[in-house]
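Below is one structure, written out as structure tokens, with a few remarks after it.
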There are 2 protein chains.
Amino acid sequence: MDSTDRKILAILQDDASMSVADIAKRVNLSQTPCWRRIQKLQDAGIITKRVVLVDPDALGLGLTVFVEIETGDHSKDWLDGFAAAVTQMPEVMEIYRMAGDVDYMLRITVPNMAAVDAFYQRLIAMVPLKNVTSRFAMERVKYTTAYPVTAG
Amino acid sequence: MDSTDRKILAILQDDASMSVADIAKRVNLSQTPCWRRIQKLQDAGIITKRVVLVDPDALGLGLTVFVEIETGDHSKDWLDGFAAAVTQMPEVMEIYRMAGDVDYMLRITVPNMAAVDAFYQRLIAMVPLKNVTSRFAMERVKYTTAYPVTAG
DNA sequence: GGTGAAAATGCCGCGCC
DNA sequence: GGCGCGGCATTTTCACC
């Protein structure tokens, strides 16, 4: 993957509605080679998806909460099952298995406090957990899906 | 926004490469009205962007770190400036202003431990901070940009 | 809202350098 | 790896129900 591919990725991560012709201009290529590069990035699994991003406030999903979970001592099978179950829950946008005292970090997006509590109740009903800490976001200052691809 | 709009959003949040004709079929609409609804969702700012998602591992960005920041006592202007400066940093994917003891929560994506340290050094060089805690992710279990739009 | 169809645009395969 | 052409799919805009 050379610097032209990186430029293409930078463009598409910011705006995937651009035509191949316009992208080609921006990276000083003609249409066909540019198109072939994009195909290749898709086939190689570097580009994983094409999606639209939606304003959560417009959907009434104004509340973001980070949930830090200490599972306590459990087997690998148990942990896998736990992770799979949490993955199914639609308000869960991100799940990370963590190093350190916190075992899992979740980011959930919900309409209001009641939904946070409903989520919490469902979560602890699934299984006993050693500790669950919720951290509430007041404001989303930055949110991007675009990874840095250009050095400097 | 009715249930048809929600169905359209659910589809486009999952796969924006679908043709309008195919989306129309899935929501039992003909092409033109379906197209008009999508336009409306864009014009209303509900759909904010069309992007491609990229595999961070493929870019050598395998390390995700949550950074919890306590800023200490500072003026609103100072906080705004701080937030703006952190927003500029390309490894920062998400920034939230938090309720509670932690003032800001960041998610950063970097190639390796050295980059974490480099980020940390740049961060604390910007200004004195009361406390900075890094939490390291071992594994990304779930990551989605698709908000739940269908009740149930 | 829905339909059908036409115009404009953009995609993407081919032959060639 | 890159280019230009051209058929074809898709988008987008009509006029009308």
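First the proteins, then the strands, lettered A, B, ... as listed; each starts at 1.
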* Asked: Using 4.0 Å as the upper bound for N to carboxylate O, is an ion pair formed by B:K25 and B:D22?
  -> yes
* To do: Establish, with yes or no, whether the OP1 or OP2 oxygen of C:dT3 is under 4.0 angstrom from a side-chain nitrogen or oxygen of B:S30.
  => yes
* **Contact letters for nucleotides 5-17 of chain D, in which S counts primed atoms plus P, OP1 and OP2 and B counts the base, heavy atoms under 4.0 Å** => ------BBBB---
* Asked: OP1, OP2 of C:dG1 versus side-chain N and O of B:R37: anything below 4.0 Å?
  -> yes
* Asked: To the nearest 0.5 Å, what is the distance between CG (B:L12) and CD (B:Q42)?
  -> 8.5 Å
* Flag, side chain of B:K49 to backbone of A:L53, donor-acceptor distance under 3.5 Å -> no
* **Rounded interatomic separation in angstrom, taking CG from A:L12 and C1' from C:dC11** => 14 Å
* To do: Could you pull out all residues at least two apart from B:F66 that satisfy ring pair (Phe, Tyr, Trp, His ring centres under 6.0 Å)?
  => A:Y96
* Result of checking B:T4, B:I38, B:I46, B:D14 against B:L9 for side-chain contact (heavy atoms from CB on, under 4.5 Å) -> B:I46
* To do: Grab the CD1-C1' distance between A:I38 and D:dG2 for me, whole Å please.
  => 15 Å
* Could you tell me whether A:R37 and A:D2 make a salt bridge, using a distance below 4.0 angstrom between a side-chain N and a carboxylate O? => yes
